[in-house]
Participant: 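Here it is, the structure, as structure tokens.
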Amino acid sequence: MVGMLRAMRRTLDALYLAGGAVGAVFMILILLVIVAQMVARWSGLIFPGGPSFAGYAMAGSSFMALAYALNKGAHVRVSLLLAGLGRHRRFAELWCYGIGAVLAIFFARYAIRANIWSYTLGDVSQGQDATPLWIPQIVMSVGTVLLAITMVDHFVRVLLTDHGGHEEPDVTEREN
Amino acid sequence: MPVRALLADDLRPRLIAATIMGLFAGGGWLLLEFVGVDSVWAKTAVFLFVLFFLLGTGVWIGLALIGVAYVGIEIFTPRPAGDAMITSIWATASSWGITALPLFIWMGEILFRTRLSEDMFRGLSPWMQRLPGGLLHTNVVGCAIFAAVSGSSAATLSTIGKMSIPELRRRRYPEFMTIGTLAGSATLGLMIPPSLILIVYGVTINESITKLFIAGILPGIGLALLFMVYVAVWHVVWRGGMPEKDPTMSFRQKLWNSRFLIPVLCLVFVVIGSMYRGYATPTEAAAIGVIGALVLAAAQGSLNWASFTDSLMGAVRTSAMVAFILMGAAFLTLSMGYTGLPRALAGWIASLDLSVYTLIAALTLFYIVVGCFLDGISAVVLTMAVVEPMVNVPAFQEAGFSMIWFGIFLVVVVEMAQITPPIGFNLFVLQGLTRHPMSYIAITALPMFLLMVLMVVVLVVFPELATWLPETARTATAR
């Protein structure tokens with residue numbers, strides 16, 4: 001049982017990191033698309049749908065990294081009450097992860113639904129690229145599901161274990 | 001090992017608390033869904049309560065905005081909230097306009113991991129030490145230069161501070177001035193382009209980001225000059241206690257010392273210049289910036305696999321954080337439209353018949369208070385849906401206060417909030433860097449705060465400071 005839980009812990013952490021890595025690949029893609037577009041413009045060629053592709057890569061980078069950023073404590077929040085609670089902070093964190101899990105599941109549910117609708121209705125992009133929208137929207141479904149998993153994971157751990165639920169944003173990490 | 005060993009010792013209070021919270025949230029939802037609220041006042045009250053409650057209890061801002069927007073749509077309209085949510089969020093998350101964000105963030109992250117902070121101090125100090133106020137000016141000028149490659153004030157602060165604080169301490173400069181000037185000048189990161197907050201503002205109200213960037217240049221330089229004048233005046237008035245000067249150098253030695261700084265200045269010039277001349281859109285300028293920063297880092301020998309992935313992952317985190325706020329804000333703006341709150345509020349303000357200047361003063365106070373609790377980007381996206389109908393009116397335009405001007409005004413005011421307790425983010429960063437208590441840092445920053453108030457006055461009296469330069473710029477379009 002404990003072995004299984006440990007394995008799950010490792011898998012989940014790897015999953016969040018993988019989401020972040022995919023986000024990073026998408027960020028490099030944004031750069032490449034923009035550079036390609038500039039080069040095309042200067043050399044008189046056209047790169048149809050460049051702005052749309054950059055937009056999809058942007059969505060990919062943000063959605064896929066949502067869970068990773070949460071896990072690293074990068075998402076901003078009003079920390080006045082949390083910091084003021086001191087050793088009772090756990091109760092506020094419990095609330096945050098609880099309501100966060102509910103909202104994230106809600107978010108993921110509708111993201112998947114919209115994704116399926118785009119597929120069945122055959123929605124295509126209104127830009128020059130005419131991409132079927134369900135393809136880029138996959139990142140939204142996967143990313144929001146990852147976010148929901150992270151929320152539930154943290155909620156369970158804050159509720160049952162000594163995990164405090166927060167990592168200080170790495171301001172000091174930047175000193176090196 | 002039994003599973004019990006993984007669990008915390010006393011679970012009962014937590015389980016009870018979780019049950020109460022569940023009942024509270026579930027009960028609230030049931031009330032909304034099945035009982036409903038009738039009067040507009042009650043609806044507004046519920047909406048605002050949920051907004052303040054979610055934000056105040058520390059729910060991540062992006063999610064909190066989604067939650068509030070959902071409640072808004074549920075109580076004000078019979079529409080299904082979920083589908084409207086995804087439509088608005090997808091449109092924002094995949095829009096071309098915000099692609100400048102991750103790239104500018106990445107550019108700053110790359111340069112942040114180079115030797116730039118040492119080079120900055122070594123390159124600037126020979127030029128600054130003859131000025132009254134001496135090396136304190138390196139704080140101001142260093143921040144202004146780094147602000148031009150980075151869009152955030154926290155990054156600016158830690159880059160400049162990690163080198164200049166120990167150097168100035170070693171030379172026995174008064175600690176009060178070292179920290180104060182640093183706290184104040186770092187806020188230039190938000191003003192001098194590229195500025196994350198101006199990108200977010202531009203995307204939120206559909207205004208040209210290039211124009212906003214160009215508009216920030218003169219006020220940014222103006223603010224830096226104000227800080228430098230303050231340092232000089234302080235030196236002349238106070239006199240005592242200034243440390244020995246470093247040995248003077250010849251012009252060629254000075255130039256040699258700042259040889260690493262010159263490529264950075266060139267990069268700044270290319271990035272901002274290409275936008276100003278209309279050769280590149282902000283996103284393209286950001287792409288040039290990323291490549292330039294990679295080349296600089298490689299030339300310095302500080303580019304390796306570890307620093308590359310660090311910068312990339314750091315940029316991914318920050319960019320996902322900002323994107324999440326923007327997603328929530330997109331849905332909230334939609335929901336706000338249904339609630340009718342912005343229109344009602346704008347109508348009410350109009351009926352008061354206030355002068356433009358009274359309204360500006362009120363908004364200044366409002367944003368300083370909001371900024372005490374929220375970071376700059378959240379403060380802007382959260383309030384613009386309500387504030388835009390108030391200020392995007394003929395009376396403002398006639399006084400010279402266009403939406404471009406308002407963006408710059410907003411940045412100065414939000415900058416002030418960065419150095420005001422309890423939540424001023426720059427104060428946190430400085431606390432980490434210097435180990436002084438927050439209250440001391442806040443007091444050192446007070447003179448800079450007052451200078452920014454002066455800057456707001458200057459902007460109100462001479463709106464051209466922000467609006468003149470963008471009118472002379474050409475803008476590139478993406479297609």
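Proteins get letters first, then strands, A, B, ... in listed order; numbering begins at 1 in each.
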Participant: Answer yes or no: are there more than 12 heavy-atom neighbours, outside A:Y119 itself, under 6.0 Å from its atom OH?
Facilitator: no

Participant: Can you tell me how far the CE atom of A:M58 sits from the OG atom of B:S319, to the nearest 0.5 Å?
Facilitator: 4.5 Å

Participant: On a heavy-atom basis, which atom in B:G82 and which in A:F106 lie closest, and how many Å separate them?
Facilitator: CA-CZ, 4.2 Å

Participant: Kindly give the heavy-atom pair with the smallest separation between A:I99 and B:A25, and that separation in Å.
Facilitator: CD1-CB, 4.2 Å

Participant: Closest heavy-atom contact between B:M85 and A:F107?
Facilitator: CE-CA, 3.7 Å

Participant: Using the side chain to side chain contact (heavy atoms under 4.5 Å, CB included) rule, pick out the option among B:T283, B:T99, B:V290 that qualifies with A:L31.
Facilitator: B:V290

Participant: I'd like to check A:M38 versus B:I288 (side-chain heavy atoms, cut-off strictly below 4.5 Å). Are they in contact?
Facilitator: yes

Participant: How about A:W95 and B:I20: do any of their side-chain heavy atoms sit closer than 4.5 Å?
Facilitator: no

Participant: What closest approach, in Å, do A:L159 and B:A18 show between heavy atoms, and which atom pair accounts for it?
Facilitator: CD1-CB, 3.9 Å

Participant: Using side-chain heavy atoms (C-beta onward) and a distance below 4.5 Å, is B:L63 in contact with A:M151?
Facilitator: yes

Participant: Could you look at A:R109 and say if it's the side chain, the backbone, both or neither that has a heavy atom under 4.5 Å from chain B?
Facilitator: neither

Participant: Can you check whether A:V158's main-chain N or O pairs, donor with acceptor, with B:R14's side chain at less than 3.5 Å?
Facilitator: yes

Participant: Given a strict heavy-atom distance threshold of 4.5 Å, which part of B:I377 is in contact with chain A: side chain, backbone, both, or neither?
Facilitator: neither

Participant: Where on A:L82 is there a heavy atom nearer than 4.5 Å to chain B: the side chain, the backbone, both, or neither?
Facilitator: side chain

Participant: Could you tell me which portion of B:I89 (side chain, backbone, both or neither) has an atom closer than 4.5 angstrom to a non-hydrogen atom of chain A?
Facilitator: side chain

Participant: Testing the basics here: between B:M313 and A:A21, what is the closest heavy-atom pair and its distance to 0.1 Å?
Facilitator: CE-N, 3.8 Å

Participant: Does any part of the side chain of A:L103, heavy atoms only, come nearer than 4.5 Å to the side chain of B:W60, both counted from C-beta?
Facilitator: no

Participant: Which heavy-atom pair separates A:A65 from B:V316 by the least distance, and what is that distance?
Facilitator: CB-CG1, 3.3 Å

Participant: With chain A as the partner, which of B:A17, B:P102, B:A64 has the greatest number of non-hydrogen pairs under 4.5 Å?
Facilitator: B:P102

Participant: Classify the ring geometry between A:Y56 and B:W90 as parallel (under 30°), tilted (30 to 60°) or perpendicular (over 60°).
Facilitator: parallel

Participant: With a 4.5 angstrom heavy-atom cut-off, could you sort out which part of A:P136 is near chain B: side chain, backbone, both or neither?
Facilitator: both

Participant: Which atoms of B:A286 come close to chain A, meaning under 4.5 Å heavy atom to heavy atom: side chain ones, backbone ones, both, or neither?
Facilitator: neither

